[in-house]
Amino acid sequence: NRSSDRREQAMSTCRKRFEVFIHNGELARIRQWVTKYQNIETGGDLFGLWSGDRTVVVQFVLGPGEGSRRTPVSFFQDSNYLKTAGSALTTLHSLCHIGEWHSHHKLGLAEPSDGDQRTVQTNMPQYSWNRFILFIANIPTELEHRYESVGTVGIGCFPFVAQAVGARAKMSRGEFHVIAGQSPFRKFFALSESLKDAICNKAELENEPEEERCKATSTPVGTHLSDQHHDYSHEQSLSYST
C-alpha cells in the first residue's frame with residue numbers, strides 16, 4: 001500500500017544519506033577565513049579519509065595560498081601552494097584530498113551555484129574520481145533567516161557521487177556530524193616541522209586563523225583535488241565562478 005511504499009522510500013533515503021564527520025575546530029577555521037572577506041570569495045581544500053561509500057572524515061582544512069585570486073563571484077586557489085601542501089598531506093601523511101570549500105559571502109546563495117556544479121561534474125571524469133565533497137560558506141544578511149543570527153557564517157556540505165568513474169556525478173546535501181574540540185591531526189601538525197614548512201610556506205598569512213598563524217620559513221616548497229595519493233605536479237586546482 002501507499003503507506004508502506006512511503007515508509008520504504010523514507011528508509012531508503014536514510015540509508016543513502018551522506019555523512020560528513022568533522023571537528024568543530026576545523027569548521028571554526030573556515031568561519032574565520034570567511035569572516036575576513038565579507039564581500040569577496042575565499043576558499044581552500046579539504047583533506048581526510050573516506051569511510052565506506054557514503055561517509056567521509058575531514059581531518060584537515062587548508063586555507064588559501066598567498067597567490068590565490070578572488071573576485072566577488074569567483075575564487076582561484078594558488079595552485080603552487082596546493083601542490084606543496086597537498087603533497088605533504090597526501091604523500092607524507094596518508095590523507096586523501098577529498099574536496100574543496102569556498103565562500104559565497106553575502107550573495108544569498110547557500111548551496112553550489114550552477115557554475116560550481118558544472119565545474120565539479122566536468123572535472124571528476126577527467127581525474128577519474130567517483131566522489132567529491134564541496135563545502136559552501138556564506139554570511140547571512142538581515143533579509144535572510146537560514147541561520148540563527150545575522151553575521152554568523154553558515155556552512156553546508158554537498159557530496160558529488162558518480163555511480164562509476166566517468167559517469168556524471170549527482171549532487172546531494174550531506175549531513176554534518178560535528179565532533180567537539182580539535183582534530184587529532186591538527187595537534188600532530190603543531191608538532192611536525194616538515195608539515196609546518198609545507199603548509200605555512202606560501203600560505204596567505206594575513207588570513208590565517210589567529211591561533212594558528214604560521215611563521216615564515218625559508219624551506220623550499222613544492223596538490224590539487226584527488227582522493228588518491230599521487231604526483232600533483234601536473235594538476236590544476238578547480239576554479240569556481242558563481
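Any value given below was found using the heavy atoms of this structure, including those in side chains, with hydrogens, waters and symmetry copies removed. Index from 1, following the sequence. Predicted, not measured: the structure shown is a model, and the values here were computed from it.
- Using a 3.5 Å distance cut-off with no hydrogens or angles, the side chains of D116 and S113 do pair a donor with an acceptor.
- N24 CG: more than 12 foreign heavy atoms inside a 6.0 Å radius.
- Side-chain atoms of Q59 and L95, non-hydrogen and from C-beta on, do get closer than 4.5 Å to each other.
- Atom-to-atom distance recorded for I139:CD1 and Y37:OH is 12.5 Å, nearest 0.5 angstrom.
- Side chain of Q121 to backbone of A169: a donor-acceptor contact under 3.5 angstrom is found.
- Here the closest heavy-atom approach between residue S103 and residue V34 is recorded as CB-CG2, 3.9 Å.
- Rounding to the nearest 0.5 Å places CZ of F60 at 4.5 Å from CD1 of I199.
- Note on E204 versus R70: salt bridge recorded, some NZ/NE/NH1/NH2 to OD/OE distance being below 4.0 Å.
- A side-chain contact (heavy atoms from CB on, under 4.5 Å) with F160 is found for exactly one of I133, V120, N130, N123, namely V120.
- Contact annotation: the side chain of L107 never approaches that of N138 to less than 4.5 Å [non-hydrogen atoms, C-beta and beyond].
- Here the side chains of L89 and L195 are in contact, with some heavy-atom distance below 4.5 Å.
- Pairing each heavy atom of T90 with each of F47, the nearest pair is CG2-CE2, 3.9 Å.
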* To do: Begin with the C-alpha distance, continue with both residues' side-chain angles, and end with the deciding distance and a verdict on side-chain contact (heavy atoms from CB on, under 4.5 Å) for R29 and S183.
  => CA-CA 12 Å; R29 283 170 175 79; S183 165; over 6 Å; no

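- Looking at every heavy atom in both residues, Y81 comes nearest to G63 through CE2-O, 3.5 Å.
- Rounding to the nearest 0.5 angstrom, the gap separating the SG atom in C157 from the CD1 atom in I136 is 11.0 Å.
- Going from atom CD of E41 over to atom NE2 of H105 covers 5.0 Å, rounded to the nearest 0.5 Å.
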* **Test side-chain contact (heavy atoms from CB on, under 4.5 Å) applied to L46 and L134, step by step** => CA-CA 9 Å; L46 306 171; L134 184 59; over 6 Å; no

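- The aromatic rings of W50 and F18 sit perpendicular, their planes meeting at an angle over 60°, well past the 30° parallel limit.
- Counting only distance, with no hydrogens or angles, the side chain of H102 and the backbone of F75 share no donor-acceptor pair below 3.5 Å.
- The nearest pair of heavy atoms linking H93 to A88 is CD2-O, 2.9 Å.
- Taking all atoms of both residues into account, the shortest heavy-atom contact from H104 to L109 is ND1-O, 3.0 Å.
- Across every non-hydrogen atom of A167 and P125, the tightest pair is O-CG, 4.4 Å.
- The shortest distance between side-chain heavy atoms of H23 and Q182 does not fall below 4.5 Å.
- Under a hydrophobic-cluster definition in which Ile, Leu, Val, Met, Phe, Trp and Tyr are linked whenever side-chain heavy atoms come within less than 4.5 Å, directly or via other members, F135 and V57 are assigned to different clusters.
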* Using the side-chain contact (heavy atoms from CB on, under 4.5 Å) rule, take F176 and I155 through it: C-alpha gap first, then chi angles, then the decisive distance, then the call. => CA-CA 10 Å; F176 275 127; I155 303 172; 4.0 Å; yes

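- Between K36 and T42 the shortest side-chain heavy-atom distance does not fall below 4.5 Å.
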